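To start, the structure under review is shown below, and the notes come after it.
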Amino acid sequence: MRVVFLGAPGVGKGTQADRIAAQFKIAKISTGDLLREAVRNQTELGREAKRYMDQGQLVPDAVVIGLVRDKLAEPGSANGFVLDGFPRTVPQAEALGKVLQETQRPLHRVVKFEVPRQDVIRRLSGRRSCPKCQATFHVEFAPSKKGDACDRCGETLIQRSDDTPEAIETRLQVFEEQTAPLIRYYASKRLLSEVNASGSVDAVFEALFSVLAPYSAI
Ligand code: AMP
């Protein structure tokens, strides 16, 4: 199964990508996660990317395309993959199409996550994550049982540096301007499906499962 999750920041793509990857035994490839890892490791790429990420801007296409190309070449993605947060621009989508064509692995589906704007802002501003084990929480919808500390490892939870009100505003604007055109791009290729992503994590997973199960080899 080879799928792309498309949607504004905060619609729950990452949470669902984890579950879909586990359910169908495919790789989750998240450019946001890969970039945050590079930032944590203070690599040259990480230092360059951080400047864009903290402001809510997109990291240059060439950087993220390189990251995804490398990941797709790894054996871990041979059984399939879910791309979370990539592509985010038309040039990224075109580059992805080329890479997949070269290896004769065309996409099966692109799933658009639908959530009203006010819910997105609420989801993003309440998000917390563990800097040590990367577990994610939400102060309202999925709080840690240990309050400000991580349920899993006890580390103090932090807010992502791009989940501030200013960066959230920019990220939503960037989505409308640069990523939303991909909806039409993939619809014209007859690859697009939409799911209502404003329900509970379980309800959204059910909806995704019905869309994706036909493409599963399991
Ligand atoms: P995310 O975790 O998907 O919300 O991504 C966090 C940040 O990483 C974004 O706001 C961008 O700065 C950067 N980023 C992630 N994926 C991409 C991408 N495909 N293209 C450009 N920048 C990206």
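For this chain, numbers begin at 1 and follow the sequence in order. Counting convention: from 1, in listed order, for ligands and their atoms alike. Predicted model only: the values in this text are computed from it and were never measured.
For atom 12 (O) of ligand 1, the nearest non-hydrogen atom of the protein is Gln57 O, 2.6 Å. Looking only at heavy atoms of the protein, atom 22 (N) of ligand 1 is closest to Val59 N, 3.0 Å. For atom 16 (N) of ligand 1, the closest heavy atom belonging to the protein is Thr31 OG1, 2.8 Å.
Nearest-residue assignment for atom 20 (N) of ligand 1 (options Lys13, Gln92, Gln55; heavy-atom criterion): Gln92. Closest to atom 5 (O) of ligand 1 by heavy atom, among Arg88, Met53, Gln178, is Arg88.
Each of the following atoms of ligand 1 lies closer than 4.0 Å to a heavy atom of Leu35: 8 (O), 13 (C), 14 (N), 15 (C), 23 (C). Close contacts between ligand 1 and Arg160 involve ligand atoms 1 (P), 2 (O), 4 (O), 6 (C) [criterion: under 4.0 Å to a heavy atom].
Side-chain polar atoms of Asn196 and Glu114 form no donor-acceptor pair below 3.5 angstrom.
Residue pairs meeting the salt bridge (charged side-chain N to carboxylate O under 4.0 Å, His left out) criterion with at least one member in residues 170-196, sequence neighbours excluded, are Asp162-Arg171, Asp163-Arg171.
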Assess whether side chain to side chain donor-acceptor pair (under 3.5 Å) is satisfied between Ser198 and Asp119, documenting all intermediate values.
CA-CA 8 Å; Ser198 52; Asp119 291 3; 5.1 Å; no
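Ring to ring, Phe5 and Phe86 are not that close: their centroids are 6.0 angstrom or more apart.
Partners of Thr179 by side-chain hydrogen bond (donor to acceptor under 3.5 Å, both in side chains), not counting sequence neighbours: none found.
Both the backbone and the side chain of Leu58 come within contact range of ligand 1, each with a heavy atom under 4.0 Å. Here Asp162 has side-chain heavy atoms under 4.0 Å from ligand 1, and that is the only part of it that gets that close.
Each of Arg40, Arg160, Lys28 was evaluated against Asp33; a single residue qualifies, Lys28, per the salt bridge (Lys or Arg N to Asp or Glu O under 4.0 Å) test.
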